Amino acid sequence: MTRLMSYAEAIREGLREEMRADERVVLLGEDIGVYGGAFGVTDGLLDEFGDRRVRDTPISEAAITGCAIGGAITGLRPVVEIQFMDFITLCMEQLVLQAAKIRYMFGGTAAVPMVLRTPGGSGTGAAAQHSESLEAWFAHVPGLKVVAPSTPADAKGLLLSAIRDDNPVIFIEHKLLYRTKGPVPDAPTAVPLGVADVKREGADVTVVATGVMVPRALAAAGMLAEEGISAEVIDPRTLRPLDAETLVASVRKTGRVVIVYEAVKTLGIGAEIAARIAESDAVSHLTAPIVRLGGAECPIPYNRALERAAVPQEEDILTAVRRVMAA
Amino acid sequence: MTRLMSYAEAIREGLREEMRADERVVLLGEDIGVYGGAFGVTDGLLDEFGDRRVRDTPISEAAITGCAIGGAITGLRPVVEIQFMDFITLCMEQLVLQAAKIRYMFGGTAAVPMVLRTPGGSGTGAAAQHSESLEAWFAHVPGLKVVAPSTPADAKGLLLSAIRDDNPVIFIEHKLLYRTKGPVPDAPTAVPLGVADVKREGADVTVVATGVMVPRALAAAGMLAEEGISAEVIDPRTLRPLDAETLVASVRKTGRVVIVYEAVKTLGIGAEIAARIAESDAVSHLTAPIVRLGGAECPIPYNRALERAAVPQEEDILTAVRRVMAA
Amino acid sequence: MKTVPPAVDRTLSMLRMMLLIRAFEEKADELFALGRVHGTMHLGLGQEAVATGVCAALKPEDYILSTHRGHGHCLAKGADVGRMMAEFLGKETGYCRGRGGSMHIADVSGGNLGANGIVAGGLPIATGVGLSIQVRQTGQVCVAFFGDGAANEGAFHESVNLASIWALPVVFVCENNQYAMSMPVRKSMRVARISDRAAAYGIPGMTVDGTDVLAVYDATEAAVALARSGGGPTLLECAAYRYKGHSKSDRQRYRTRDEVEAWRRRDPIAQLRARLIAGGVVIDADADALEAAARSAIDAALRFAEESPEPDPASLLDGVYA
Amino acid sequence: MKTVPPAVDRTLSMLRMMLLIRAFEEKADELFALGRVHGTMHLGLGQEAVATGVCAALKPEDYILSTHRGHGHCLAKGADVGRMMAEFLGKETGYCRGRGGSMHIADVSGGNLGANGIVAGGLPIATGVGLSIQVRQTGQVCVAFFGDGAANEGAFHESVNLASIWALPVVFVCENNQYAMSMPVRKSMRVARISDRAAAYGIPGMTVDGTDVLAVYDATEAAVALARSGGGPTLLECAAYRYKGHSKSDRQRYRTRDEVEAWRRRDPIAQLRARLIAGGVVIDADADALEAAARSAIDAALRFAEESPEPDPASLLDGVYA
Ligand SMILES: Cc1ncc(C[n+]2csc(CCOP(=O)(O)OP(=O)(O)O)c2C)c(N)n1
Ligand SMILES: Cc1ncc(C[n+]2csc(CCOP(=O)(O)OP(=O)(O)O)c2C)c(N)n1
Ligand SMILES: [Mg+2]
Ligand SMILES: [Mg+2]
């Protein structure tokens with residue numbers, strides 16, 4: 001059985017269930033208590049779990065991250081909320097030089113079971129410092145895992161896996177998806193990390209999309225179907241470790257691929273996906289060069305029309321797919 | 001006319017010449033004064049230019065970076081030294097959310113002419129927190145330029161261009177290259193940003209290498225020549241903007257490519273290079289899948305043998321090239 | 001804190017400026033309610049005396065670094081209301097060609113080096129502006145505005161320390177409006193006054209009533225004089241209050257109506273107005289006229305903004321690089 | 001500062017520990033000179049009393065977070081000398097299987113949560129250890145060691161503030177050895193004592209003679225008692241000096257021989273030895289015997305390390321993920 005709920009509600013339910021099931025799970029973040037989080041995700045959790053486990057922090061992103069690390073290596077399973085992904089730029093030393101490396105540097109004698117939740121993406125008029133899509137940075141770092149759900153069910157299911165995982169997991173939410181609704185299983189249903197999901201099967205072209213680009217790609221696939229183009233839409237869901245085999249297998253089948261992501265095109269996750277395909281045997285099955293559709297090479301502008309032009313939209317996906325089909 | 005000098009000396013000469021030529025150039029960093037910098041690069045500059053222009057700073061990487069930004073937007077041309085590239089993780093907010101975006105966010109009404117110099121790479125037994133190769137992060141950021149010289153002449157020439165450039169430039173030096181010697185033009189000779197350099201011409205296979213991998217690739221190319229394999233070795237030199245056309249043209253010619261870089265393989269600069277080739281017409285000229293030779297998916301270990309095994313060595317390049325030639 | 005009472009005309013222009021700032025933000029609030037603002041915004045209604053008193057103590061060539069709650073700073077530093085409203089609405093004629101919006105309005109030629117979307121993000125930059133002034137020996141001063149919440153960021157610590165050891169001409173102005181979003185100051189730090197933190201850097205610290213524009217002016221004047229004379233930075237805390245929510249998504253569960261009302265009774269504009277009337281400087285009618293003038297200046301600015309073109313999407317990549 | 005004089009046997013074991021630390025680092029220095037150490041290292045010769053006095057006031061189940069200059073902390077917290085020497089030489093039997101080396105030695109089961117290559121990098125982590133202790137109510141305490149230079153990092157500010165508002169059981173121990181690499185403390189901050197910074201967080205600050213192991217012990221005991229009883233953190237500054245260069249690349253142009261000599265005359269080990277002899281607790285011969293014992297313990301540790309295998313390159317990826 002499933003219920004229809006929003007992406008934000010699904011994440012909240014995941015947090016609540018894990019906190020009920022495991023005393024070691026604590027929440028840290030700015031305004032996650034009485035305010036309920038900048039996007040309302042943690043609304044009500046302070047009331048249920050109290051301020052011993054739901055901690056409103058000062059504006060000190062580096063310390064908050066380190067606080068989660070210290071808790072994690074000594075018996076807690078902290079879940080941190082960084083209010084906007086942009087602010088993770090203040091956590092890089094603790095995340096990358098400490099959380100990601102501690103276990104390895106210590107010869108496997110410590111574990112860092114923590115989750116860092118943060119909303120990324122543009123489209124809300126928040127401009128250049130509140131619209132970043134930085135997931136590729138973390139996918140470049142051994143020791144970290146990176147998750148980016150596109151549906152309510154994936155959001156909850158991947159969050160359960162992330163909290164139960166014994167490694168630091170960067171859990172990337174999308175501002176534009178918080179209010180989108182979808183079916184979520186009644187029973188706690190973990191979605192395994194590292195497994196891509198074929199959101200729509202198809203035969204002519206593979207469309208790999210992440211985050212908010214998944215619904216856009218699915219909408220485009222619907223229209224393409226009417227034109228007689230059968231697009232297979234795949235969401236990697238986990239960006240590190242990347243389930244390249246599922247993507248490569250699809251390209252082997254279709255011979256055409258369009259990779260859609262919101263982050264800046266250069267060195268965004270699409271670069272790695274393209275490279276994995278190019279170094280695989282699938283490269284010889286390509287009937288057209290690989291196409292990447294990424295964000296423009298600029299900061300996110302404030303103006304609504306410019307902001308829209310800065311990242312791939314449904315029509316851009318349609319154009320790109322039609323182009324590879326024509327090639 | 002040229003003189004033989006070390007990579008470190010060439011950088012020092014570049015700093016000295018620009019400081020003599022332009023009053024606005026100031027140096028900021030930890031232990032760059034009487035200590036001469038952790039790797040001795042700024043040795044003697046305090047004596048020549050005094051502590052008004054050569055500033056030893058406290059251990060405050062974020063403030064140092066912001067200090068350079070503030071100076072840059074109000075008439076200085078600061079050159080910052082971050083003692084090890086790893087510590088740039090403490091500068092990310094100032095570098096990425098401020099330096100890289102200020103001009104754009106302000107509608108083009110400000111410029112941020114600054115250079116951030118920092119040594120990257122492993123091989124010195126400095127372990128996981130002093131051996132990072134994070135250049136790909138910055139190559140992902142619009143508004144920044146990223147340079148990584150592999151020879152003394154390129155180091156000096158690119159530094160001159162970086163200091164004269166009106167944008168923030170991340171200038172990546174390599175610890176293992178500081179003592180390597182090479183010819184450097186007597187007269188100040190700027191090397192333009194954004195132009196790759198064919199370090200050795202060849203016909204059978206393209207080897208794209210960056211930083212310390214360039215001398216390793218050249219050594220391998222020498223041995224391959226004896227086996228009758230003609231390898232073309234190209235150093236992009238600038239990682240953002242990337243001179244993809246030079247790389248693609250070479251692959252069009254050779255039909256085979258091995259991309260060698262020290263950073264973690266996943267989402268290192270080689271991912272973008274592979275993607276650019278895969279989206280170009282050169283993909284149809286490939287007679288073998290693209291091969292990436294990058295760093296292992298782990299932090300850099302301390303032990304000498306493990307450290308060596310963690311990044312590509314000359315013999316790995318030989319093996320990889322032989323493999324693509326056999327394909 | 002008061003030294004000599006500032007000249008009457010200066011006081012009047014401070015009243016005018018506070019009225020202008022208030023009119024701007026009330027209009028902004030109205031436009032938002034009408035759904036005509038893309039994104040969010042942060043209003044400083046109630047904090048007008050801080051921006052006004054501080055900037056009145058600066059010269060045109062001095063610099064400021066502003067915050068996400070920066071409308072007041074921008075106007076007080078002398079920005080053109082029309083270009084500012086245009087930026088607020090994302091128009092091509094705005095200060096940032098519509099690329100910045102409310103959170104990034106900058107008037108570089110006017111000495112406002114920008115609002116900042118990052119809490120404490122302007123503080124490290126301020127040290128560099130101070131360094132530049134010191135190296136170029138121009139005798140300018142840089143004011144860095146920040147909030148009470150920003151005082152808990154590492155950037156605050158590193159920046160004030162750097163400015164202190166190099167005796168940079170920077171004045172750190174903390175606008176303590178009692179909350180960082182939902183976090184009350186008393187829960188985010190264990191000191192009574194944020195200015196107590198000056199002791200950690202061996203610099204002067206002062207706390208003034210941020211609803212009293214004259215007190216803010218006098219304190220700033222002293223700090224600026226110290227900075228110009230090579231005496232280094234001062235940490236100046238101005239205690240004030242924001243009447244509105246933190247941003248548009250704020251249900252304000254963390255404070256009481258009574259608390260808001262109590263602060264509204266100390267309204268900075270009403271205070272100064274009463275003072276000027278009591279002092280016989282103006283009569284009610286004059287004050288009303290100034291208020292009306294501010295309103296019509298805003299109406300004109302809005303007309304300018306509305307008649308201004310949107311940026312051309314083809315210009316998306318303009319200004320990424322110099 | 002002194003409360004009751006610590007028991008004689010404790011004092012003797014502190015002498016033993018200081019001798020062991022010194023013997024370890026003198027051996028490390030010797031091995032480096034012989035070219036047998038890969039990479040660099042940071043010696044704390046002269047600072048033995050800080051690690052020793054602090055850790056003597058802790059229980060085995062308490063935690064410490066160490067620094068790049070962490071050999072003393074590790075030994076004082078009870079590490080096995082053999083496994084430590086093995087890690088120092090990058091052997092498979094080392095605490096970190098040779099992956100960490102000098103800069104990352106950690107003895108997690110012994111409560112040493114690791115040396116740290118990042119200045120101030122352990123301070124944010126210490127707040128989390130304190131949170132964990134508080135949430136799990138285990139009554140433990142966490143000591144975070146850091147240097148004078150680290151006190152200028154933003155992480156110091158954020159961490160001490162966080163620990164103060166939550167009254168976390170963390171003791172912040174600043175080892176002020178007068179320099180951060182080449183940067184003298186007086187040039188890097190404008191305060192006389194680093195402990196003056198405690199005022200910015202409303203917590204107690206103390207400065208003690210870091211060459212007097214008993215003074216360090218007593219001060220730590222007081223801070224630990226406060227932390228355990230829910231009183232929150234203390235900022236404890238221990239003034240000491242490093243005899244050797246910052247690391248192996250240091251030409252020490254920033255200080256004079258005389259300064260080094262003056263501090264050497266206050267050697268912590270010589271001080272305690274003289275005190276114990278004057279107090280009739282030991283005679284010269286006993287002290288010499290303790291020193292010899294320390295040396296032979298190090299020789300045994302070195303033999304163990306030398307006989308230990310190198311890590312297998314095939315194990316390169318072990319331990320990246322749990
Ligand atoms: C580094 C960073 N962390 C968090 C935020 C989100 N945020 C924006 S304003 C704000 C509160 C700031 O409080 P304060 O400094 O007191 O300024 P005020 O909003 O009260 O004017 C927060 C948490 C941010 N913009 N930047
Ligand atoms: C964030 C960071 N910046 C710079 C360095 C390089 N570095 C290593 S130790 C050191 C000096 C640290 O001084 P202090 O904190 O006083 O400790 P000490 O070395 O004196 O024990 C520096 C600059 C580093 N490791 N980490
Ligand atoms: Mg506030
Ligand atoms: Mg020191």
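No experiment lies behind these values; they were computed from the predicted model shown. Naming: A, B, ... by sequence-line order, numbering from 1 per chain.
At a heavy-atom cut-off of under 4.5 Å, chain C is reached by A:Ala38, A:Asp43 from residues 38-55 of chain A, listed in order of number. Along residues 115-131 of chain A, the residues that come nearer than 4.5 angstrom to chain C, judged on non-hydrogen atoms, are A:Gly123, A:Thr124, A:Gly125, A:Ala126, A:Ala127, A:Ala128, A:Gln129, A:His130 in order of number. Of residues 57-71 of chain A, those residues lying under 4.5 Å from chain C by any heavy-atom pair are A:Thr57, A:Pro58, A:Ile59, A:Ser60, A:Glu61. At a heavy-atom cut-off of under 4.5 Å, chain C is reached by A:Gln83, A:Phe87, A:Leu90 from residues 82-94 of chain A, listed in order of number.
Most heavy-atom pairs under 4.5 Å with chain A: of the set C:Ala155, C:Ser249, C:Pro313, C:Ala314, this distinction falls to C:Ser249. Heavy-atom pairs under 4.5 Å with chain A peak, among C:Arg97, C:Arg251, C:His246, C:Lys187, at C:Arg251. When each of C:Ile118, C:Val119, C:Asp312 is checked for heavy-atom pairs under 4.5 Å with chain A, C:Ile118 comes out on top. Top candidate by heavy-atom pairs under 4.5 Å with chain A, chosen from C:Met189, C:Met183, C:Met41, C:Met181, is C:Met181.
Atom CZ of C:Arg253 sits in a crowded spot, with more than 12 heavy atoms from other residues, nucleotides or ligands closer than 6.0 Å. Counting heavy atoms of neighbouring residues, nucleotides and ligands inside a 6.0 Å radius, atom CZ of C:Arg255 exceeds 12 of them. Environment of NZ in C:Lys244: sparse, with no more than 12 heavy atoms of neighbouring residues, nucleotides or ligands closer than 6.0 Å. By the neighbour-count criterion of 12 heavy atoms within 6.0 Å, atom NZ of A:Lys181 is densely surrounded, having more than that number from other residues, nucleotides or ligands.
Aromatic ring pairs are classed by plane angle as parallel below 30°, tilted from 30° to 60° and perpendicular above 60°; the pair C:His38 and A:Tyr302 is tilted.
One finds the OG atom of C:Ser188 at 11.0 Å from the CG atom of A:Asp56 (value rounded to the nearest 0.5 Å).
Interface remark: C:Glu87 contributes backbone atoms only to the contact with chain A (heavy atom separation under 4.5 Å). The contact between C:Phe88 and chain A is made entirely by backbone atoms, counting heavy-atom distances below 4.5 Å. Both the backbone and the side chain of C:Asn116 have a heavy atom closer than 4.5 Å to some heavy atom of chain A.
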task = Let me see the working for A:Glu297 and C:Val320 under side chain to side chain contact (heavy atoms under 4.5 Å, CB included), right down to the final yes or no.
result = CA-CA 8 Å; A:Glu297 304 287 326; C:Val320 176; over 6 Å; no
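Annotation for A:Ala309 and C:Leu316: closest pair O-CD2, 3.7 Å, computed over non-hydrogen atoms. Among all heavy-atom pairs drawn from C:Pro311 and A:Asn303, the shortest one is CD-ND2, 3.2 Å.
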